[in-house]
Amino acid sequence: MASSARSSHVAELYRAIYAVVRRIPAGRVATYGQVSALAGWPRAPRIAGNALHALPEGSRVPWHRVVGAGGRLSLARISPHGALTQRMRLEREGVRFTRRGRVDLGRHRFQRGRRP
DNA sequence: GCGGTGACGGTCG
DNA sequence: CCGACCGCCACCG
């Protein structure tokens with residue numbers, strides 16, 4: 001039903017995406033594809049990106065907990081500085097990065113193998 | 001209404 | 001590992 005109410009107002013979709021991102025706890029991350037799927041749109045990872053890009057500054061949505069496939073910081077493509085902020089925030093929450101600057105998804109992925 | 005674009009993802013060389 | 005392509009869906013001029 002509502003999972004694919006395409007003709008509905010886009011604001012609802014964005015809201016659904018923000019709602020998903022809000023439930024990602026500190027110390028964990030989710031990919032754009034994961035977020036879109038949890039929001040009911042498994043084939044629209046780009047929409048999740050658009051939604052986060054449209055976020056007003058100062059919003060309580062923890063956008064830094066959303067990363068690209070493989071744990072890459074997609075934000076770096078348009079804003080290296082923003083990516084640095086993202087990494088800093090994540091590391092502050094205890095998220096580990098690999099030498100190549102990727103989040104260790106095996107350990108921090110949201111709703112995945114919960115480490116002991 | 002159309003073509004180009006993008007904080008994506010997956011495949012191929 | 002990296003770059004090039006393609007598929008996907010909403011946004012923008």
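Any value given below was found using the heavy atoms of this structure, including those in side chains, with hydrogens, waters and symmetry copies removed. Every chain is numbered from 1, with letters handed out A, B, ... down the list of sequences. Because the structure is a prediction, the values reported are computed rather than measured.
Pairing for B/dC8 is with C/dG7, a Watson-Crick or G-U wobble pair whose two hydrogen-bonding atom distances lie under 3.5 Å. With a 3.5 Å ceiling on both atom-pair distances, the Watson-Crick or G-U wobble partner of C/dC12 is B/dG3.
Around atom CZ of A/R43, no more than 12 heavy atoms belonging to other residues, nucleotides or ligands sit under 6.0 Å away. Atom CZ of A/R22 has more than 12 neighbouring heavy atoms from other residues, nucleotides or ligands inside a 6.0 Å radius.
Both tests do not hold together for A/R102 against A/F97: distance to the six-membered ring centre under 6.0 Å, angle to the ring axis within 45°.
Rounded to whole Å, atom P of B/dA7 lies 20 Å from atom CD of A/Q34. One interatomic measurement links the two molecules: CH2 of A/W41 to C1' of B/dC8, which rounds to 15 Å at whole-angstrom precision. In this entry the distance linking CG of A/L38 with C1' of B/dG9 reads 16 Å, nearest Å. In this structure, A/R46 places its CZ atom 12 Å from P of C/dA10, rounding to the nearest Å. Atom pair A/R89:CZ and B/dA7:C1' shows a separation of 14 Å (rounding to whole Å applied). Rounded to a whole Å, the CG atom of A/L73 is 11 Å from the P atom of B/dC8. Residue A/Y14 contributes atom OH, which lies 10 Å from atom C1' of C/dC9 at whole-angstrom precision. In this structure, CD of A/Q86 is placed 8 Å from C1' of B/dA7, rounded to the nearest angstrom.
Among the nucleotides C/dC1, C/dA10, B/dG9, the one closest to any side-chain atom of A/I47 is C/dA10. The side chain of A/P45 sits closest to B/dG9 out of B/dA7, C/dA10, B/dG9. Here the nucleotide nearest the side chain of A/N50, chosen from B/dC8, C/dC1, B/dG6, is B/dG6. Looking at the side chain of A/A69, the nearest of the listed nucleotides B/dC8, C/dA10, B/dG10 is B/dG10.
Counting any heavy atom pair closer than 4.0 Å across all strands shown, A/R43 reaches sugar-phosphate atoms only and no base atom. A/S79 comes within 4.0 angstrom of nothing in the nucleic acid, heavy atoms only.
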### Task
Starting from the C-alpha separation in whole Å, work towards a yes-or-no answer on side-chain hydrogen bond (donor to acceptor under 3.5 Å, both in side chains) for A/R28 and A/Q111.
CA-CA 9 Å; A/R28 299 221 191 148; A/Q111 283 191 345; over 6 Å; no

### Message
Before you tell me yes or no, could you show the steps for A/R46 and A/Y32 under side chain to side chain contact (heavy atoms under 4.5 Å, CB included), namely the whole-Å CA-CA distance, both residues' side-chain angles and the distance that decides it to 0.1 Å?
### Response
CA-CA 7 Å; A/R46 309 190 82 140; A/Y32 295 92; over 6 Å; no

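Taking for each of A/R100 and A/A44 the nucleotide of DNA chain C with the nearest heavy atom, the 5'-most of the two is the partner of A/R100.
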